[in-house]
Amino acid sequence: MYDQHHHCVGSYDVPVALGEVLIYRMVHPERLTISLEYQNRAWVVGEVLGACNSSPLEGSLDWIGFGGG
């Protein structure tokens, strides 16, 4: 299953069902798909991707509090 960004979030089906991964859509300041992963008893940012798995703008990473790239 592909979202409007033309990348597959379907590969996360099992981790999402197990409650290990959450998938979010951000629409401002740009549209991104964000995964949060449960690691070491804490939620951490996993992936932040734009259309066709493109990298987000640096300002967008700042917006979500993730300057790690």
Side-chain angles (χ1 to χ4, degrees):
M1 178 176 158
Y2 288 85
D3 68 6
Q4 293 178 348
H5 276 172
H6 303 288
H7 56 76
C8 185
V9 296
S11 62
Y12 287 96
D13 59 346
V14 173
V16 167
L18 293 173
E20 298 169 351
V21 174
L22 301 172
I23 305 292
Y24 289 93
R25 178 180 63 181
M26 184 171 101
V27 295
H28 178 79
E30 69 176 309
R31 181 146 179 199
L32 299 170
T33 301
I34 303 166
S35 70
L36 298 179
E37 301 174 3
Y38 195 69
Q39 299 176 357
N40 300 317
R41 300 170 66 169
W43 288 101
V44 297
V45 176
E47 293 186 311
V48 181
L49 298 171
C52 301
N53 292 329
S54 64
S55 296
L57 301 172
E58 186 173 324
S60 296
L61 293 176
D62 293 339
W63 186 267
I64 62 170
F66 179 69

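Computed from a predicted model, the values in this text were never measured in an experiment. Quick note: numbers below take in every heavy atom, side chains included, and nothing from hydrogens, waters or symmetry partners.
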Q: So do Tyr12 and Glu47 actually touch side chain to side chain, heavy atoms under 4.5 Å?
A: yes

Q: Indicate the atoms forming the closest heavy-atom contact of Ser11 with Pro15, along with that distance.
A: O-CD, 4.3 Å

Q: Could you pull out the closest heavy-atom pair between Gly46 and Glu37, with the gap in Å?
A: CA-OE2, 3.6 Å

Q: To the nearest 0.5 angstrom, please state how far the CE atom of Met26 sits from the CD1 atom of Ile64.
A: 6.0 Å

Q: Could you check whether any side-chain N or O of Glu30 sits under 3.5 Å from a backbone N or O of Leu57, counting only pairs where one atom can act as donor and the other as acceptor?
A: yes

Q: Under 4.5 Å between side-chain heavy atoms, counting indirect links through other Ile/Leu/Val/Met/Phe/Trp/Tyr residues: same cluster for Trp43 and Leu61 or not?
A: yes

Q: What's the separation between atom CD in Glu58 and atom CH2 in Trp63, rounded to the nearest 0.5 Å?
A: 15.5 Å

Q: Could you check whether any side-chain heavy atom of Leu22 comes within less than 4.5 Å of a side-chain heavy atom of Val16, counting everything from C-beta outward?
A: no

Q: Rounded to the nearest 0.5 Å, what's the gap from CG on Leu18 to CG on Asp13? Could you check?
A: 9.5 Å

Q: Please name the pair of heavy atoms, one in Pro56 and one in Val48, separated by the smallest distance, quoted to 0.1 Å.
A: CD-O, 3.4 Å

Q: State, with a plain yes or no, whether a side-chain heavy atom of Ser54 is found less than 4.5 Å away from one of Leu49.
A: no

Q: Roughly how far, to the nearest 0.5 Å, is OH of Tyr24 from CG of Leu36?
A: 6.0 Å

Q: Looking only at heavy atoms, what is the nearest atom pair of Val21 and Ser35, with distance?
A: CG1-CB, 4.2 Å

